[in-house]
Structures are given as C-alpha cells and as structure tokens.
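We count residues from 1, following the sequence as given. Computed from heavy atoms alone, side chains included, the values below leave out hydrogens, waters and symmetry copies.
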Amino acid sequence: MRRITAKSVATEAKLLLIGIPVLIWTLIPVYHMVLFAISPRGTATSGQLWPTSPTLDNFSTVFQRKHFYLDHFWVQLGNSLVIALAVGALTLFVATTAAFAISRLRVRGGRTVMNMALFTYFIPAAFLAVPMYKTMGNYGLLNSQWSLILAMVTIASPYCIWVLKQASDKLPYELDEAARMDGASPLQLFRLVYLPLMVPSLVAVGTYSLLLAWNEYLYAFLLLSNDRSVTLAVALGNFLAADDSPWELLMATGLIYALPPAAIYYAFKRYMVGGLTAGAVKS
C-alpha cells in the first residue's frame with residue numbers, strides 16, 4: 001500500500017491547483033458552443049448560464065439543410081472526410097516507405113534528405129500558402145481537391161518521416177539480418193517484419209496527418225473555391241459573412257464537425273501517446 005506523506009499531498013495539491021484552472025479554461029469555449037447550439041435564435045446572448053428553453057431544433061436544421069448556408073452541408077462534410085482520409089493514407093505511404101529506406105535499408109543520403117525536409121518547418125506554413133497556390137496553379141490543380149491533398153501531404157510528411165525513422169531505429173537490427181539469412185527480399189522485410197512492429201507509430205502518424213487535414217482552413221480556403229468542393233471548415237466561414245449571422249446554426253454545425261476528430265482521437269489515444277513519443281528519445 002502506498003504511504004501517504006506530506007510531500008505527496010503537497011504535490012497532488014499543486015497538480016490540482018494547476019490542473020483545475022486549465023481544465024475550466026479549456027472547457028469554457030466548448031460550454032459556450034453547446035450553449036449557443038441548444039439555444040433558440042436570439043436567446044444565446046441573453047447572459048443566462050443555461051437557456052430557459054433548450055432545444056435541438058438547430059441540429060435538425062443543420063441535418064435537414066433548412067438554411068441557405070447549409071445547402072451543401074453533406075457534400076462539404078463528405079469532402080472533409082475524403083480529403084482527410086486521402087491525406088492520412090498518402091502521408092502514411094510516403095512516411096513509412098521513406099523511414100524504412102532511411103532507417104533499415106540505410107539508403108545513402110537518406111538522413112540528409114530527412115534533415116533538409118525538417119528544415120522546412122522553420123518557415124511557418126502560412127508563409128508557404130502563396131507559393132503553394134502558385135505551384136498548384138501552374139499544374140492546373142486549383143479548385144481540385146487533389147491540390148489540398150497534395151499540399152497537406154507535403155506539410156505533414158517531414159514530421160511523420162522523422163517520427164517513424166526514430167521509432168524504427170529502436171527496432172533490433174538483428175531481426176533484419178535474420179530475415180535476410182532466411183532469404184527475405186527488402187519488400188518481404190518491409191511487409192513481414194517492419195510493418196507489424198511499427199503498428200503503434202503508424203497509427204499515431206496516420207491519425208496526426210488525418211486530423212491535420214481535417215482541421216485545415218487556410219490552404220482549403222486558398223486552393224478550393226467551389227461550394228461543392230470546399231471542406232466544411234471553409235463553409236463555416238460563410239456564416240460570418242452576414243450582418244445578422246445565425247450563431248446558433250454556426251455553433252451546432254461546429255459541434256457536429258468536431259465530433260469525428262474527437263472520436264478518432266479518443267479511439268486511438270493509446271496509440272497516439274505511445275507512437276508519437278516512441279522516437280522522442282533514442283535508447
């Protein structure tokens with residue numbers, strides 16, 4: 001049984017004094033989103049801590065597209081899902097194969113290429129938006145979902161390669177030697193040895209890249225312009241274009257949009273924590 005000491009009590013008290021305010025500060029925006037989402041129009045700003053007549057009509061309005069800002073709600077939600085899944089899959093492919101080549105096959109110059117790719121993070125992503133727009137225009141990809149997919153894969157891949165490479169370095173190299181002695185080709189080594197051992201890290205970086213694409217606004221706003229091709233994140237900005245914005249519908253749509261990434265995160269939280277920290281410290 002753990003012995004309770006004055007030092008442990010003081011430590012727990014300090015953690016609570018820090019944790020409780022941080023938790024409250026984090027939940028306040030979520031609370032206000034819920035407050036607006038379940039309030040009838042015009043009553044959310046009344047100053048009440050809870051609406052006198054809470055309603056789910058705002059969610060019904062969103063799902064049934066009863067407002068002209070929501071004409072393409074389901075299409076735009078589908079766009080967000082397709083783009084996020086495509087970015088996650090392509091980033092996984094690029095990062096996994098690159099990390100395998102650098103770490104296990106030890107391709108000449110691979111570490112230099114990886115370090116050069118990481119240097120791109122010294123430049124804020126917002127500064128690269130205009131060059132990315134120009135590049136996509138030169139290749140005729142503007143207003144195509146592929147432009148956003150390729151842009152997000154470009155942004156996510158360097159970090160994912162680094163994480164997977166560091167995690168791969170911690171695998172015993174004797175496994176590769178044993179597989180080669182049994183006649184395994186590099187492709188068989190990749191499929192039968194490398195991938196099964198890297199599952200936690202693969203899930204982590206895949207989830208990271210998927211959520212990165214799901215929450216992206218700037219690049220989606222620049223590269224996509226058609227109402228039927230934009231993501232829901234960009235479409236939410238249309239609610240702010242009117243003088244009398246339907247805040248209750250905006251918050252209801254925002255809550256719906258926030259549910260899938262929250263569900264994905266909590267479903268793979270164990271892998272996220274273990275996978276993203278696997279390469280943080282080399283043994």
Side-chain angles (χ1 to χ4, degrees), residues 26 77-107 110-111 113-115 117-118 120-121 125 145-146 148-176 179 184 186-217 219-220 231-233 256-283:
T26 303
L77 183 62
N79 293 339
S80 297
L81 182 62
V82 169
I83 290 172
L85 291 175
V87 170
L90 286 176
T91 302
L92 261 182
F93 175 77
V94 172
T96 304
T97 52
F100 176 74
I102 296 170
S103 177
R104 313 310 291 184
L105 299 182
R106 299 180 179 179
V107 174
R111 294 174 185 269
V113 172
M114 183 188 69
N115 291 331
L118 284 175
T120 60
Y121 285 123
Q145 293 180 358
W146 277 108
L148 181 58
I149 292 171
L150 295 175
M152 297 312 300
V153 170
T154 302
I155 293 172
S157 290
Y159 173 71
C160 294
I161 293 172
W162 180 80
V163 170
L164 292 181
K165 188 265 178 188
Q166 298 297 335
S168 178
D169 284 348
K170 299 175 72 174
L171 299 178
Y173 198 71
E174 290 76 11
L175 294 174
D176 298 27
L187 184 59
Q188 290 173 322
L189 180 65
F190 174 78
R191 182 169 56 89
L192 300 176
V193 178
Y194 181 76
L195 289 181
L197 295 175
M198 291 288 291
V199 167
S201 296
L202 294 177
V203 173
V205 299
T207 305
Y208 161 78
S209 56
L210 188 151
L211 296 181
L212 183 70
W214 181 272
N215 294 318
E216 178 59 33
Y217 176 83
Y219 281 83
T231 61
L232 189 56
I256 296 170
Y257 189 62
L259 290 179
I264 292 172
Y265 174 78
Y266 281 104
F268 298 109
K269 181 172 64 173
R270 178 165 59 93
Y271 291 106
M272 288 288 290
V273 175
L276 290 179
T277 58
V281 179
K282 294 182 66 176
S283 58

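- Under the side chain to side chain contact (heavy atoms under 4.5 Å, CB included) criterion, P196 pairs with no residue at all, not counting sequence neighbours.
- Considering only heavy atoms from C-beta on, M152 stays 4.5 Å or farther from S209 through its side chain.
- The distance from atom CD of Q166 to atom CD1 of I102, rounded to the nearest 0.5 Å, is 10.0 Å.
- Scanning for ring-ring contact (aromatic ring centres under 6.0 Å, His included) contacts around Y194 gives F100, F190, with sequence neighbours left out.
- Summarising the geometry, atom CE belonging to M114 is positioned 8.5 Å from atom CD1 belonging to I161; distances are rounded to the nearest 0.5 Å.
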>> Pair L81, W214 - check side-chain contact (heavy atoms from CB on, under 4.5 Å), show working.
In response: CA-CA 7 Å; L81 182 62; W214 181 272; 4.2 Å; yes
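- Side-chain contact check for L175 versus L197: some heavy-atom pair is nearer than 4.5 Å.
- Partners of A233 under the side chain to side chain contact (heavy atoms under 4.5 Å, CB included) rule, at least two apart in sequence or in another chain, are T231, Y257.
- Under the side chain to side chain donor-acceptor pair (under 3.5 Å) criterion, the residue pairs touching residues 78-92 are N79-Q145, with sequence neighbours excluded.
- Here the CZ-CG distance, from R191 to L187, works out to 6.5 Å after rounding to the nearest 0.5 Å.
- Separating the CG atom in L92 from the OG atom in S201 is a distance of 11.0 Å, to the nearest 0.5 Å.
- The distance from the CG atom of L164 to the OG1 atom of T96 is 5.0 Å, given to the nearest 0.5 Å.
- Here L210 pairs with A84, L85, I264 under the side chain to side chain contact (heavy atoms under 4.5 Å, CB included) rule; sequence neighbours left out.
- Applying the ring-ring contact (aromatic ring centres under 6.0 Å, His included) criterion to Y121, with sequence neighbours excluded, gives no partner residue.
- Under the 4.5 Å side-chain criterion, counting only non-hydrogen atoms from C-beta, L105 is in contact with P186.
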